[in-house]
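Report on the following structure.
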Amino acid sequence: MEEIITRFPPSPTGYLHVGGARTALFNWLYARHKKGKFILRIEDTDVKRSTQASVDAIFEALEWLGIDWDEGPYFQSQRFDLYREYIGKLLENGHAYYCDCPPERLERMRKAAMDVGGKPKYDGTCREKGLGPGEGRVVRFKSPLTGTTVMPDVIKGNIVFQNAELDDFVVARSDGTPTYNFVVVVDDVTMGINTVIRGDDHVNNTPRQILLYKALGADLPAFGHVPMVLGNDRTRLSKRHGAMSVTAYRDMGFLPDAFINYMVRLGWSHGDQEFFTRSELIEKFDIDHIGKSAGVFDPEKLTALNADHIKATPPESLIPHLKPFLAERSIVDPDPEFLKGIIRTLNTRSKTLIDMADGALFYFKDSIEYDEKADKKFLKPAVLPPLETLLSELEKLKTWDETGLETAFKATMEAHDLKLGKIAQPVRVALTGGTVSPGIFEIIEVLGKDKSLDRLSRVIGHIQGKSEG
RNA sequence: GGUCCCAUCGUCUAGUGGCCUAGGACGCCGGCCUCUCACGCCGGAAACACGGGUUCGAGUCCCGUUGGGAUCACCA
C-alpha cells in the first residue's frame, strides 16, 4: 500500500486557533495511524499579512499539543521560483493567459452581478486576446466553460460542480506572486501529498484546484473536508465566543492530552468511548468515523475531560505541567516528593491545573491566615481542649502515616466524646486556613509532622488570644 | 442572492433497514458514600426538524419543505 502523506498548512497571520488545531490534529493522527508522513508547510505567500511572530506562535502551539512533523517546515515564500516555473507551464500548454483588466472594473462588475442575484464571475474579456506579460497584468487560469468537475470526498462523498459556475481565477498577481489556489496545488503535487484533510470552508475551492491538478497532469489526492467548529450560537467559532488561540487553553490549565482528546472527539467518534490517551487516539483514529455535521465547541465538556485526564495522569507526570502555574504563585523549585504527595491529594478535586495550583497553595505557606468566616465558625474556645489533646497525641506518634494519624484522632475523639466531624473542621481551618480541602488525614500526612504540629499549636494560641481579648 | 454542505436529548455523539419501548458522555435534578469540598456509585428529566414516498418493516434509503452553516478576492 502507498504511504500516506498528509500536511498541515497554516498561514502565519495570527495564532493557531482551535479550528486549525483540529485539522492539524486530524492530519497528524491519520499519518501516525497509517505510519505515514506528516508535513508542515507555512503558507506565507501573502507577504503583507504574514509575520514571524505568528510563525513562532504556531510552532509554540504545535509543540504544546505534541504534534511533530516529519518534513518541513516549508515556507512558500522560499518557493517562488518553483511557482514561477509552474505558471510558465500553464501558460505554455494554454491553460492560462495574461489579463490586463483593471481591478476597479472587475469590482464594479461583481457588485452589479450580486445586485441582480447573479454569480460574480470574471467575464473572460482577455481570455482570447493572447496578451503577453506586461506591467499590471495578472495570469488567469483558463477554466472549462462547460461540463462538470466532481470532487471525491472521503467524508462527504462525491460532490459535483458545474464548470459553468467557475470562472477564470487569478493564479499570479500583477506583481508576479502566485495566489493560494495555485500554490496549494503545486506544493501538494511536488511534496507528494496524497491525503488532504482540511476544513469544510475549502470545499468551494476544491473544484478549481482539481482543474489545476488536471492541467498539470497530476494525480488527485484523497480529499476529506471536515465540518467546522461552531460557537455556542452555532456560527463559526470566532473571537467573540471566547478564547480562540490554542495556547490560551494551555494557560487556562488544560492538559494537552485532554485538549486533543476533546478536539478529536468533536467530530469523530469511536463507539461510545469518550476518554482517549494519545496513543489510543493514534491507534484508533480513522477517517471513516469523522462526522458530517458541524459541532459546537463546549468548554464545559473540555473541562470535564480535563478533570478525567488529570485523574488518570500519574502525579509525577503532572509535575512539569503544574510547575509553571505554581511559579506564577511564587512557588519555585518545590521538592518533587512533597509535590507528588500534594498532587495525590488534589487530583480528584481539580478540574484544571489552575484549580490544582490554587489548591496546593496552603501547603507552602509559612503562616496560615484564617478565613474570617471559618475562623468565627470553627475556631471557638470550646475546641481548645480537643485540639490540645490532638496535639499531644500527634506529638507522641512514632509513624507518620494514615493509620497512625487515625489512632491519634480516635484517641482524641474518645477522650472528649466527639465525632470526627466536630474536630476535623477546626483542624482543617488550622492547617489550611479554610473549610474546603482534601481529606484531613491526607493533608497531615503530606504536610509532615513539623508543619502540622506547628500549625496546630499556632491555632491554639490564636484561639487563646481570642478569649483573652 | 448564486453555488455547495449539513440536520438524533441543551451540547458532543452511538446508530450503516428489523438487535431502538433510540444507547453513551457533558451539563442539569434527586439519592447514597462522607471529616469539608471533591471523587465514586445509584437513579431521573431530556432527542430521531416537518411532510411525502420506497419497503412486510425507516432514526437508518429517496424526494420535497423548513432550519442552520460555508463560500462567492490580485486573502489563505
Anything under 30° is parallel, anything over 60° is perpendicular, the rest tilted; go ahead and classify A:Tyr83 against A:Phe182.
perpendicular
So what does [X] hit on the nucleic acid, given a heavy-atom distance under 4.0 Å: a base, only sugar-phosphate, or nothing?
X        : answer
A:Thr45  : sugar-phosphate
A:Val170 : sugar-phosphate
A:Gly267 : sugar-phosphate

N-O pairing of [X] and [Y] below 4.0 Å:
X        : Y        : value
A:Asp355 : A:Arg349 : no
A:Asp201 : A:Arg236 : yes
A:Asp167 : A:Arg140 : no
A:Arg344 : A:Glu442 : no

Hey, are [Y] and [X] close enough side-chain-wise for a donor-acceptor pair under 3.5 Å?
X        : Y        : result
A:His225 : A:Thr206 : yes
A:Thr149 : A:Asn163 : yes
A:Arg428 : A:Gln425 : yes

Among the nucleotides [options], which one has an atom lying closest to any side-chain atom of [X]?
X        : options             : answer
A:Phe161 : B:U3, B:C74, B:G24  : B:U3
A:Ser174 : B:C74, B:U13, B:U11 : B:C74
A:Lys156 : B:C5, B:G24, B:A76  : B:C5
A:His289 : B:A76, B:C6, B:G15  : B:G15
A:Asp298 : B:C5, B:A76, B:C26  : B:C26
A:Ala304 : B:C26, B:U11, B:C74 : B:C26
A:Leu266 : B:C12, B:C4, B:A76  : B:C12
A:Glu300 : B:C26, B:A7, B:U71  : B:C26

Ranking A:Asn158 and A:Ser269 by the position along RNA chain B of their nearest nucleotide, the one closer to 5' is A:Asn158
Closest-nucleotide mapping onto RNA chain B: is A:Asp201 or A:Ser11 further toward the 5' terminus? I mean the 5' end.
A:Asp201
For RNA chain B, which residues in residues 80-88 of chain A have a heavy atom at a distance below 4.0 Å?
none
[N] [atom2] sits how many Å from [X] [atom1], rounded?
X        : N     : atom1 : atom2 : answer
A:His202 : B:U3  : NE2   : C1'   : 17 Å
A:Arg22  : B:C12 : CZ    : C1'   : 11 Å
A:Glu274 : B:G27 : CD    : C1'   : 13 Å
A:Asp288 : B:G15 : CG    : C1'   : 15 Å
A:Lys121 : B:A73 : NZ    : P     : 12 Å

For nucleotides [N] and [M], find the distance between their [atom1] atoms and express it as a whole number of Å.
N     : M     : atom1 : result
B:A14 : B:C48 : C1'   : 13 Å
B:C6  : B:C61 : P     : 12 Å
B:G2  : B:G10 : P     : 31 Å
B:C37 : B:U60 : C1'   : 46 Å
B:G27 : B:A38 : P     : 13 Å
B:U8  : B:U13 : P     : 9 Å

Working for side chain to side chain contact (heavy atoms under 4.5 Å, CB included), residues A:Leu405 and A:Trp400
CA-CA 7 Å; A:Leu405 297 173; A:Trp400 198 258; 4.1 Å; yes
Any donor-acceptor pair under 3.5 Å joining the side chain of A:Lys292 to the base of B:C6?
no
Any N or O donor-acceptor pair under 3.5 Å from the base of B:A76 to the side chain of A:Asn205?
yes
Determine which nucleotide pairs with [N], using a 3.5 Å limit on both distances of a Watson-Crick or G-U wobble pair.
N     : answer
B:U71 : B:G2
B:A25 : B:U11
B:G64 : B:C50
B:C20 : none
B:C41 : B:G31

NZ or CZ of A:Lys89 within 45° of A:Tyr86 ring axis and under 6.0 Å
yes
Between A:Trp268 and A:Phe285, is the gap from one ring center to the other below 6.0 Å?
yes
Give the minimum heavy-atom separation between A:Met109 and A:Lys121, together with the two atoms involved.
CE-O, 3.4 Å
Determine whether A:Ser437 and A:Ile443 satisfy the following criterion, side chain to side chain contact (heavy atoms under 4.5 Å, CB included), listing intermediate values before the conclusion.
CA-CA 8 Å; A:Ser437 82; A:Ile443 298 178; 3.0 Å; yes
Walk me through whether A:Asn205 and A:Tyr180 qualify under side-chain hydrogen bond (donor to acceptor under 3.5 Å, both in side chains).
CA-CA 10 Å; A:Asn205 278 325; A:Tyr180 169 73; 5.0 Å; no
Would you mind building the protein contact string for nucleotides 30-50 of chain B? One character per nucleotide, 5' to 3', B for base within reach (heavy atoms under 4.0 Å), S for sugar-phosphate only, - for untouched.
-----BBBBS-----------
Could you run down nucleotides 60-69 of chain B 5' to 3' and tag each one B, S or - for protein heavy-atom contact under 4.0 Å?
---------S
Syn or anti for B:C41 (syn when the glycosidic angle lies within 90° of 0):
anti
